[in-house]
Amino acid sequence: MASIARPTRPGVIDDGVLIEEGNPFNLRYAVLAAQPGDVLQDVTTPNYVVGDALYRTGLVVDADQRGLGVAWPAEQNIPGEGRAMVRAVGDSAAVIHATVSPGLDSFTLDGIAHGRETMDRVRAAILNGGYSWPEGRITVTVETVTGRPLDSSHDLAIACAILGAAGHYSPDAMTDVAFIGELALDGAVRPVADVNEAARSAIAAGCTTVLIPDANLSDFDVPEISVFTVENVDQAVRVLQILQTFDRANS
């Protein structure tokens, strides 16, 4: 039987009972240490986030054939926190940190000019590139030497950081790779201005490889760094997976 997606709601626990936050009339769940063996599998009840913890809920039937609500911590059933750090170059060199952690679905982005537009582009590009948007809390922080917000030439780096934190490639192997490229809503990687200057910034930051938009290849003239061209988000992830394989083979 196909599983039914559970909604996730904020909850509170009081005296060993979990209820929906702000709704005292919601069905109450007795909090247990672990999932009971007799929980009804064909009845879908919500997940609840209490603080930083996620709880599953379900129903069991007592001796009087009454349905009783139960809740239990879900740490053993959900993926842990994923992190990725990538380097971006464009109008300025930057380090981008992405975290995907359990909790209510959210997306925050700090350090980018016009952050809402960037978030919309990155999300659409990931989805239209053939990837699921990661569940949970997504936090992206962009750090630059200058401290000033960056522009859209760092879209590709942000998307790849999120996908790395979500487990689509090993971010540990990407510390010497830099990204250049703006994203279109359909997942395509758009060309940028001054691609050679950006590549030199990558070298100055200690990078040995750079991913650039395919449309910039004819302009590229920095032989001191390895270059891969990509047309869309999916190609970028595939390149990173190949680089990850090479890194493991040489380790």
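Any value given below was found using the heavy atoms of this structure, including those in side chains, with hydrogens, waters and symmetry copies removed.
Contact check for Leu40 versus Val60: no side-chain heavy atoms found under the 4.5 Å cut-off. A 4.5 Å side-chain heavy-atom check between Leu109 and Thr118 finds at least one atom pair inside the cut-off. Between Asp214 and Val230 the shortest side-chain heavy-atom distance does not fall below 4.5 Å. Looking at heavy atoms from C-beta onward, Asp105 lies out of side-chain contact with Trp133 at the 4.5 angstrom threshold. The shortest side-chain heavy-atom distance between Leu243 and Phe228 falls under the 4.5 Å cut-off. Taking the side chain as every heavy atom from C-beta outward, Ile162 and Val140 approach each other to under 4.5 Å.
Distance CD1/Ile180 to OG/Ser153: 8.0 Å, rounded to 0.5 Å. From Leu32, atom CG reaches atom CH2 of Trp72 across 8.5 Å, with rounding to the nearest 0.5 Å. Atom CG of Leu156 is separated from atom SG of Cys160 by 4.5 Å, given to the nearest 0.5 angstrom. Rounding to the nearest 0.5 Å places CD1 of Ile212 at 6.5 Å from OG1 of Thr229. The line from OG1 of Thr108 to CE of Met119 is 7.0 Å long, rounded to the nearest 0.5 Å. Between the CZ atom of Arg121 and the CG atom of Asn128 there is a distance of 14.0 Å, given to the nearest 0.5 Å.
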Practice task
Before giving the answer on side chain to side chain donor-acceptor pair (under 3.5 Å), spell out for Ser226 and Thr209 the whole-Å C-alpha distance, their side-chain angles and the decisive distance to 0.1 Å.
Solution key: CA-CA 5 Å; Ser226 299; Thr209 302; 4.5 Å; no
Problem - Worked check of side chain to side chain contact (heavy atoms under 4.5 Å, CB included) between Thr57 and Val70 - result: CA-CA 6 Å; Thr57 63; Val70 292; over 6 Å; no
Exercise for the section: For Val210 and Val177, run side chain to side chain contact (heavy atoms under 4.5 Å, CB included): C-alpha distance rounded to whole Å, both residues' side-chain angles, the deciding distance at 0.1 Å, then the answer. Expected result: CA-CA 6 Å; Val210 64; Val177 179; over 6 Å; no
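Side-chain heavy atoms closer than 4.5 Å link hydrophobic residues (I, L, V, M, F, W, Y) into clusters, and following such links, possibly through other members, connects Ile158 to Val239. When the side chains of ILVMFWY residues are joined at heavy-atom separations under 4.5 Å, either directly or via intervening members, Val195 and Leu217 end up in two distinct hydrophobic clusters. One hydrophobic cluster holds both Leu18 and Leu27 under the rule that ILVMFWY side chains link at heavy-atom gaps under 4.5 Å. Residues Ile19 and Val31 are members of separate hydrophobic clusters, defined by side-chain heavy-atom contacts under 4.5 angstrom among Ile, Leu, Val, Met, Phe, Trp and Tyr.
Within the structure, no pair that satisfies the ring-ring contact (aromatic ring centres under 6.0 Å, His included) test touches residues 193-220, not counting sequence neighbours. Sorted by first and then second residue, the side chain to side chain donor-acceptor pair (under 3.5 Å) pairs with a member in residues 216-225 form an empty list; sequence neighbours excluded.
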Show the atom names and distances, to 0.1 Å, of all donor-acceptor pairs under 3.5 Å that link a side chain in residues 182-193 to residues at least two apart or in another chain.
{"residue": "Glu182", "atom": "OE1", "partner": "Ser152", "partner atom": "OG", "Å": "3.1"}
{"residue": "Glu182", "atom": "OE2", "partner": "Arg190", "partner atom": "NH1", "Å": "3.1"}
{"residue": "Asp186", "atom": "OD1", "partner": "Ala188", "partner atom": "N", "Å": "3.0"}

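Every residue was checked against the side-chain hydrogen bond (donor to acceptor under 3.5 Å, both in side chains) condition with Tyr169, not counting sequence neighbours, and none meets it. In this view, Asp62 and Asp64, Arg66, Leu68 satisfy the side-chain contact (heavy atoms from CB on, under 4.5 Å) rule, not counting sequence neighbours. The side-chain hydrogen bond (donor to acceptor under 3.5 Å, both in side chains) check on Thr139 picks up nothing, with sequence neighbours excluded.
Nearest heavy atoms, Asp176 versus Gly206: CB-O, 4.2 Å. When all heavy atoms are compared, the tightest approach of Ala178 to Ala202 is CB-CB, 3.7 Å. Scanning all heavy atoms of the two residues, the minimum distance from Ala161 to Ile96 falls at CB-CG2, 4.0 Å. When all heavy atoms of Ala165 and Val100 are compared, the pair lying nearest together is CB-CG2, 3.7 Å.
Looking at Arg56 and Asn47, their side chains do bring a donor and an acceptor atom within 3.5 Å of each other.
The aromatic ring centroids of Tyr131 and His168 lie less than 6.0 Å from each other.
Between Arg123 and the options Asp120, Leu127, Ile126, a side chain to side chain contact (heavy atoms under 4.5 Å, CB included) holds for only Leu127.
Ring-plane geometry between Tyr48 and Tyr29 is classed as tilted, the angle between the planes lying from 30 to 60 degrees on a 0 to 90 degree scale.
Within 6.0 Å of CD on Glu135 lie no more than 12 heavy atoms contributed by other residues, nucleotides or ligands.
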